[in-house]
Amino acid sequence: YGFPGDSRKESLRRNMIEEGFFFFFNNANTVAEIVNVNRAQIEHRATWMGLIYDEMVKAGIDAEPIIRRAIKRCGLMHGENFKKQCADPTSGVDFKNAFLGDESKVGPQSFNMSDIQADYDNVTVDFHYCALVSAWKKLGFSDETCELLCDMAMDGDRGIAEAMGLTLNLGDTIAKGCATCKLHFHK
């Protein structure tokens, strides 16, 4: 387990993250409780999205452009709110703090985020879990449909990036069968 040079504790932590385990030692962990609620809420919204898409397709409607526009509008609205939270809206570090925080926060833990990095021009993060993909798989959607739904959902993040004056490059995705989603926001 782990990587060469890892301490035993770091190796265990890394394995727990990779396997999606959270261990709690005789203390209340309200963040973990909120993470579970947050994941369920994300799955619920992803279920709506997937079923709306499926019903539109069954009705002969070209659903993709309509859903993309709606999700992008939502991302643009959220991006404006994140921008207001930034002391310097042109700073990748300020954007990271407003949008993600650090790995101990509910959002990053909900997606099992790691390697959150930021400098003035860049923000990068890896996701090791996706509640949206989990929901779509539970609905029995094909891999191809899950990839499309994922890409449409990422239009929200693209909208956030645009509102912040950034571009989002999406590398690997869990929906494509990769181990992680790799996001890179940059100027």
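Within 6.0 Å of NE2 on His78 lie no more than 12 heavy atoms contributed by other residues, nucleotides or ligands. Lys105 NZ: 12 or fewer foreign heavy atoms inside a 6.0 Å radius.
When side chains are defined from C-beta on, Asp115 does not count as touching Val125, because their heavy atoms never get closer than 4.5 Å. Ser134 places none of its side-chain heavy atoms less than 4.5 Å from the side chain of Arg39. Between Leu51 and Leu139 there is a side-chain heavy-atom pair separated by less than 4.5 Å. Put simply, the side chain of Leu132 does not reach to within 4.5 Å of the side chain of Arg45, judged on heavy atoms. Counting heavy atoms from C-beta on, the side chains of Ile52 and Met56 come closer than 4.5 Å. Residues Lys182 and Thr124 are not in side-chain contact: their nearest non-hydrogen atoms beyond the backbone lie 4.5 Å or more apart. For the pair Leu183/Leu168, a side-chain contact is recorded, criterion being any heavy-atom separation below 4.5 Å from C-beta on. With contacts defined as side-chain heavy-atom distances shorter than 4.5 Å, the pair Glu147/Thr173 does not qualify.
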- Message: Quick one, Arg73 with Asp155, criterion salt bridge (charged side-chain N to carboxylate O under 4.0 Å, His left out). Give me CA distance, side-chain angles, the key distance, then yes/no.
- Response: CA-CA 9 Å; Arg73 279 178 54 199; Asp155 280 350; over 6 Å; no
- Task: Please report the C-alpha distance between Arg158 and Ile71 in whole Å, then the side-chain angles of each, then the deciding distance to 0.1 Å, and finally whether the side chain to side chain contact (heavy atoms under 4.5 Å, CB included) criterion is met.
- Result: CA-CA 9 Å; Arg158 291 180 187 103; Ile71 292 172; over 6 Å; no
- Would you sort out whether Arg69 and Ile66 count as a side chain to side chain contact (heavy atoms under 4.5 Å, CB included), showing the intermediate values? CA-CA 5 Å; Arg69 284 192 308 269; Ile66 297 166; 3.7 Å; yes
- Given side chain to side chain contact (heavy atoms under 4.5 Å, CB included), test Glu33 with Val37 step by step and report yes or no. CA-CA 7 Å; Glu33 292 168 10; Val37 170; 5.9 Å; no
- Message: side chain to side chain contact (heavy atoms under 4.5 Å, CB included), that's the test. Do Asn122 and Gln117 meet it? Break it down for me.
- Response: CA-CA 8 Å; Asn122 299 278; Gln117 303 291 324; over 6 Å; no
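We find that Asp94 and Lys83 are not joined by a salt bridge, their nearest charged nitrogen and carboxylate oxygen being 4.0 Å or further apart. Using a 4.0 Å cut-off between charged side-chain N and carboxylate O, Asp121 and Lys187 make a salt bridge.
Shown here for Cys150 and Trp136, the closest heavy-atom pair between the two residues is N-CZ3, 3.4 Å. Minimum heavy-atom separation, Ala175 to Cys146: CB-O, 3.8 Å. Ser104 and Gln109 get closest at one heavy-atom pair: O-NE2, 3.3 Å. Of all heavy-atom pairs between Asn112 and His128, the closest is O-CD2, 3.0 Å. Listed here is the closest heavy atom pair of Met164 and Gly79: SD-O, 3.7 Å.
Clustering ILVMFWY residues whenever any of their side-chain heavy atoms sit less than 4.5 angstrom apart, transitively, puts Met49 in the very cluster that holds Leu170. Note: the hydrophobic cluster containing Leu166 also contains Phe82 (ILVMFWY, side chain heavy atoms under 4.5 Å, direct or indirect links). Using a 4.5 Å cut-off between side-chain heavy atoms of Ile, Leu, Val, Met, Phe, Trp and Tyr, with links allowed through other members, Ile116 and Ile174 fall into the same hydrophobic cluster. Linking ILVMFWY residues whenever their side-chain heavy atoms come closer than 4.5 Å, directly or via other members, leaves Leu100 and Met77 in distinct clusters. Following chains of ILVMFWY side-chain contacts shorter than 4.5 Å, one can reach Ile42 starting from Met113, so the two form part of one hydrophobic cluster.
Between the CG atom of Asp54 and the CZ atom of Phe141 there is a distance of 4.5 Å, given to the nearest 0.5 Å. With rounding to the nearest 0.5 Å, the separation of CD1 in Ile160 from CG in Asn81 is 9.5 Å. The OH atom of Tyr53 lies 4.5 Å from the CG atom of Leu148; values are rounded to the nearest 0.5 Å.
Classification of the Phe99-Phe95 ring pair by plane angle, with boundaries at 30° and 60°, yields parallel.
Side chains of Ser110 and Tyr129: no donor on one and acceptor on the other come within 3.5 Å.
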